[in-house]
Amino acid sequence: MWAAWYIWIDNPIIATGLMSFLLHEFVYFGRSIPWIIIDAIPYFRKWKLQPNKVPTAQEQWECTKMVLFSHFTIELPAIWLFHPMAENFGMNTWQVPFPSWMTMLPQIAIFFVFEDMFHYFAHQALHTGPLYKHIHKIHHKYSAPFGLAAEYAHPAEVFILGTGTIAGPILYCWYTRNLHIFTVYIWITLRLFQAIDAHSGYDFPWSLQHIIPFWSGAEHHDFHHMAFTNNFSTSFRWCDRIFGTDDKYREYRARISAQKAAMKNKSKSEREEAERNLIAEIEAEGLRAEAIAEGSMPAPKIVKVQ
């Protein structure tokens with residue numbers, strides 16, 4: 001069927017471009033729909049990281065329009081040019097059979113690590129001065145993110161951060177001359193799942209970060225949107241831990257644990273009120289940090305005590 005698709009289209013550039021774009025749209029919106037349904041069911045609020053901030057239908061529609069705009073203006077042209085670039089670097093596209101899982105799994109693991117590191121440094125750069133004010137600020141519109149908002153961003157940001165997703169396979173292919181586009185499709189699918197789930201706003205007992213301790217997940221990234229600072233990586237927690245950009249996050253988690261222990265015998269309403277107050281405090285700090293980043297508020301002076 002794979003080779004038949006290329007034969008039927010009779011133009012490899014159109015065949016790859018069309019299949020790549022349709023895959024992206026199907027996976028992105030297909031993975032977002034379950035989160036839209038979950039947001040509409042009050043039962044799941046117990047696992048929502050910011051339970052008092054549920055996206056409205058209007059917010060989700062506005063988000064969808066912006067996402068579609070980026071998909072058609074930035075991602076579609078890039079996807080369409082992917083085939084000639086990929087083949088120029090030696091990537092297999094129409095060829096069958098597909099590589100074995102033993103071949104694909106290490107390649108996908110490399111892509112995950114590369115993208116995570118690239119995203120960490122590029123994301124940090126987007127939190128500085130003009131890059132934040134004129135580009136990344138759009139993505140931070142929602143202090144409590146939801147699945148659809150994973151690619152809610154300025155077109156320039158979509159291009160910058162998307163480079164980390166596609167540069168890994170391109171560089172790997174250039175160096176090894178051993179990569180099939182089917183492997184890239186699996187990687188893109190997993191990357192979209194990761195991005196959408198990280199923005200879902202939910203932390204279930206079965207969420208992947210509870211199984212793989214170094215996986216970031218929604219609980220890690222939700223803090224970034226709430227507090228503005230910390231947790232710049234995507235899939236893994238390594239870079240944030242190594243470079244010390246998770247200190248406020250770890251302090252927040254410690255405060256949450258201490259608060260739960262201290263209010264163990266309190267009523268449900270009292271516990272919820274305490275949680276809301278803590279979230280409001282962290283968000284207020286985040287707003288100050290955001291104002292400093294975009295230059296509308298001076299950074300606090302550090303006084304050295306001698």
Side-chain angles (χ1 to χ4, degrees), residues 1-2 4-33 35-36 59-94 108 111 114-115 118-119 122-123 126 131 134-139 141-142 145-174 179-199 234:
M1 288 182 64
W2 186 270
W5 165 260
Y6 279 90
I7 293 171
W8 180 61
I9 297 294
D10 197 30
N11 185 313
I13 296 176
I14 294 176
T16 301
L18 185 60
M19 181 162 50
S20 300
F21 186 70
L22 291 176
L23 172 75
H24 181 274
E25 298 307 285
F26 178 79
V27 173
Y28 188 85
F29 290 104
R31 185 55 182 165
S32 296
I33 288 172
W35 293 116
I36 295 173
E59 286 177 323
Q60 297 203 32
W61 173 236
E62 291 297 324
C63 177
T64 300
K65 289 190 291 184
M66 181 66 176
V67 166
L68 285 171
F69 177 77
S70 292
H71 285 184
F72 280 92
T73 59
I74 299 298
E75 297 190 27
L76 179 59
I79 287 172
W80 222 261
L81 292 171
F82 180 75
H83 182 277
M85 181 173 62
E87 287 208 327
N88 184 57
F89 284 101
M91 187 180 297
N92 293 324
T93 53
W94 55 267
I108 293 169
F111 302 157
F114 177 88
E115 191 281 332
F118 180 96
H119 189 106
H123 190 183
L126 286 171
L131 290 177
H134 300 294
I135 297 177
H136 191 49
K137 185 178 176 68
I138 292 176
H139 185 65
K141 176 179 179 179
Y142 304 108
F146 47 95
L148 270 172
E151 291 185 352
Y152 180 85
H154 189 286
E157 177 174 344
V158 174
F159 178 81
I160 292 167
L161 296 184
T163 299
T165 300
I166 207 65
I170 290 295
L171 290 172
Y172 180 90
C173 185
W174 169 77
L179 184 63
H180 199 287
I181 198 169
F182 183 71
T183 307
V184 178
Y185 283 166
I186 295 175
W187 153 238
I188 295 295
T189 299
L190 294 175
R191 172 71 180 101
L192 286 171
F193 268 60
Q194 179 277 320
I196 293 164
D197 290 358
H199 286 84
T234 51

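A quick note: this is a predicted structure, and the numbers were derived from the prediction, not measured.
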Closest approach of [X] to [Y] (non-hydrogen atoms, all atoms of both residues):
X	Y	result
C173	G90	SG-C, 3.5 Å
P155	M66	CD-CE, 4.3 Å
A86	I170	CA-CD1, 4.5 Å

Handout entry: Intermediate values then yes/no, side-chain contact (heavy atoms from CB on, under 4.5 Å), F146 and S32
Key = CA-CA 9 Å; F146 47 95; S32 296; over 6 Å; no
Exercise for the section: List the steps and the verdict of side-chain hydrogen bond (donor to acceptor under 3.5 Å, both in side chains) for E87 and T93. Expected result: CA-CA 8 Å; E87 287 208 327; T93 53; 3.0 Å; yes
Do [X] and [Y] touch side chain to side chain, with heavy atoms closer than 4.5 Å?
X	Y	result
T183	W187	no
L148	V67	no
T189	L23	yes
W80	T16	no

I need the [X] [atom1] to [Y] [atom2] distance, nearest 0.5 Å.
X	Y	atom1	atom2	result
L22	E25	CG	CD	8.0 Å
I79	I188	CD1	CD1	8.0 Å
C63	Y142	SG	OH	5.0 Å
I138	S70	CD1	OG	8.0 Å
Y185	M19	OH	CE	4.0 Å
K137	L131	NZ	CG	14.5 Å

Please list, chain by chain and in numerical order, all residues satisfying side chain to side chain contact (heavy atoms under 4.5 Å, CB included) with [X], sequence neighbours excluded.
X	result
P12	Y6, H83
F26	none
L81	none
N88	none

Handout entry: Partner residues of E62 under the salt bridge (Lys or Arg N to Asp or Glu O under 4.0 Å) criterion, sequence neighbours left out
Key =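 E62 satisfies salt bridge (Lys or Arg N to Asp or Glu O under 4.0 Å) with K65 once adjacent residues are dropped.
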Handout entry: Contacts of E115 that satisfy salt bridge (Lys or Arg N to Asp or Glu O under 4.0 Å) - sequence neighbours left out
Key =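 Once residues adjacent in sequence are excluded, the partners of E115 under the salt bridge (Lys or Arg N to Asp or Glu O under 4.0 Å) criterion are R191.
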Solution key, residues 156-167 side-chain donor-acceptor pairs under 3.5 Å, sequence neighbours excluded:
from, atom 1, to, atom 2, distance (Å)
E157, OE1, H136, ND1, 2.9
E157, OE2, H136, ND1, 3.0
T163, OG1, F159, O, 2.7
T163, OG1, I160, O, 3.4

ring-ring contact (aromatic ring centres under 6.0 Å, His included) against [X], all qualifying residues, sequence neighbours excluded:
X	value
Y172	F111
H199	H139, H221, H225
F118	none
W5	W8

Handout entry: Aromatic contact, F193 with Y28 (centres under 6.0 Å)
Key =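 No - the distance between ring centres of F193 and Y28 does not fall below the 6.0 Å cut-off.
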Handout entry: Qualifying residue, where the test is side chain to side chain contact (heavy atoms under 4.5 Å, CB included) with F29 and the options are I196, I36, T64
Key =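 Answer after filtering I196, I36, T64: T64.
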Problem - Candidate pair L192 and E151, rule side-chain contact (heavy atoms from CB on, under 4.5 Å), full reasoning - result: CA-CA 9 Å; L192 286 171; E151 291 185 352; 3.4 Å; yes
Practice task
Report the C-alpha separation of I135 and L126 in whole Å, then their side-chain angles, then the decisive distance to 0.1 Å, and conclude whether the side-chain contact (heavy atoms from CB on, under 4.5 Å) test is met.
Solution key: CA-CA 7 Å; I135 297 177; L126 286 171; 4.1 Å; yes
Problem - V184 vs M91, side-chain contact (heavy atoms from CB on, under 4.5 Å): CA-CA, chis, key distance, verdict - result: CA-CA 10 Å; V184 178; M91 187 180 297; 4.0 Å; yes
Exercise for the section: Report the residues that fulfil side-chain hydrogen bond (donor to acceptor under 3.5 Å, both in side chains) with D197, sequence neighbours left out, ordered by chain and then residue number. Expected result: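 For D197, the residues satisfying side-chain hydrogen bond (donor to acceptor under 3.5 Å, both in side chains) (neighbours in sequence not counted) are R31, W35.
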